[in-house]
Amino acid sequence: MSRWIHRYSAGERSNHWAVAISFVLAALSGIALFHPAFFFLSHLFGGGTWDRILHPYIGVFLALVFILLALRFWRRNVIRPRDREWMRHMGDELHNRDERMPETGKYNGGQKVLFWTVVMLIPILLLTGIVIWRPWFAPAFPLVVLRIAVLIHAVVAWLMILAIIVHVYAALWVKGSVRAMTRGTVSPAWAKHHHRAWYRELTGK
Ligand code: HEM
């Protein structure tokens with residue numbers, strides 16, 4: 001048997017990194033528009049005018065590549081009873097009491113909850129973003145709708161940024177995970193330790 005276990009195909013990894021890069025760009029260009037204290041970030045996009053022009057297009061691109069990612073991954077993220085059990089033991093996971101954790105399949109309860117959180121947040125960002133997009137769509141809506149949409153867009157964007165900070169922190173914290181999304185493989189020890197039921201399925205051990 002090879003030393004490494006296959007976890008992601010090249011297509012899945014490219015799709016993931018297209019989402020990750022466009023998310024970072026959407027977040028930076030959006031934060032620049034959120035408050036004057038962050039306006040300096042607009043220099044990354046060629047100044048205020050270009051930042052304002054590019055941000056909605058980056059957002060639409062993010063939504064499109066995320067829809068592809070969600071279509072690839074949703075089946076593996078369906079929440080099962082053992083994931084609820086995992087959520088109940090989250091305190092043990094955070095305190096490194098791994099021996100108390102229930103076995104997990106390809107993804108644990110936390111990863112699945114994060115997946116469905118992002119599945120809910122991206123369409124809200126896309127929809128509210130389209131409503132407030134001047135000069136194309138905004139003139140079609142009354143002012144009160146624009147005000148509510150801009151508020152929801154900002155709140156949901158911050159929630160999404162927090163969710164992705166948790167995702168990136170977990171990816172870096174669990175040693176050996178980043179390799180899954182760069183090379184597409186993980187070590188047998190990683191699989192056995194973090195996703196034992198998935199390891200069993202693959203190896204029959
Ligand atoms: C910005 C830096 C990012 C890093 C370093 C990163 C890292 C990773 C890593 C290492 C994995 C593999 C975890 C595993 O197989 O157990 C992963 C999976 C995944 N990532 Fe990211 N990621 C980033 C951004 C994003 C963003 C912005 C999104 C979505 C908006 C995202 C969505 C996903 C999804 C859906 C999975 C598969 C896990 C699942 O389906 O539950 N990632 N990421």
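All figures in this text were calculated on a predicted structure; none of them were measured in a lab. Just follow the structure's listing: the first ligand is 1, and inside any ligand the first atom is 1.
- Of the heavy atoms in Met160, only side-chain atoms (C-beta onward) come closer than 4.0 Å to ligand 1.
- Residue contact check for ligand 1: Arg76 places no non-hydrogen atom closer than 4.0 Å to it.
- Not a single heavy atom of Tyr169 sits under 4.0 Å from any atom of ligand 1.
- In the displayed structure, Arg183 atom CZ is contacted under 6.0 Å by at most 12 heavy atoms of other residues, nucleotides or ligands.
- With Trp190 as the aromatic partner, Arg179 does not meet the cation-pi criteria of under 6.0 angstrom to the ring centre and within 45 degrees of the ring axis.
- The cationic atom of Lys106 (NZ for Lys, CZ for Arg) does not lie both less than 6.0 Å from the six-membered ring centre of Phe115 and within 45° of the ring axis.
- Every residue meeting the ring pair (Phe, Tyr, Trp, His ring centres under 6.0 Å) condition with Trp158, not counting sequence neighbours, appears here in chain and number order: Phe34.
- Checked against a 3.5 angstrom limit, the closest N/O atoms of Trp190 and ligand 1 fall outside it.
- Residues passing the ring pair (Phe, Tyr, Trp, His ring centres under 6.0 Å) test with Phe39, sequence neighbours excluded: none.
- Where the criterion is an N or O separation shorter than 3.5 Å, residue side chain and backbone included, Tyr8 meets it with respect to ligand 1.
- Within the structure, the closest approach of Trp116 to ligand 1 does not fall below 4.0 Å when heavy atoms are considered.
- Around atom 21 (Fe) of ligand 1, the protein N, O or S atoms found under 2.8 Å comprise His16 NE2, His167 NE2.
- No more than 12 heavy atoms of other residues, nucleotides or ligands sit less than 6.0 Å from atom CH2 of Trp50.
- The aromatic rings of His35 and Phe38 lie perpendicular to each other, with more than 60° between the two planes, well past the 30° mark.
- Judged as a side-chain hydrogen bond (donor to acceptor under 3.5 Å, both in side chains), the pairs with a partner in residues 65-77 (not counting sequence neighbours) are, in order, Glu12-Arg76, Asn15-Arg72.
- For Arg88 and Glu85, the salt-bridge test passes: some basic side-chain N is under 4.0 Å from an acidic carboxylate O.
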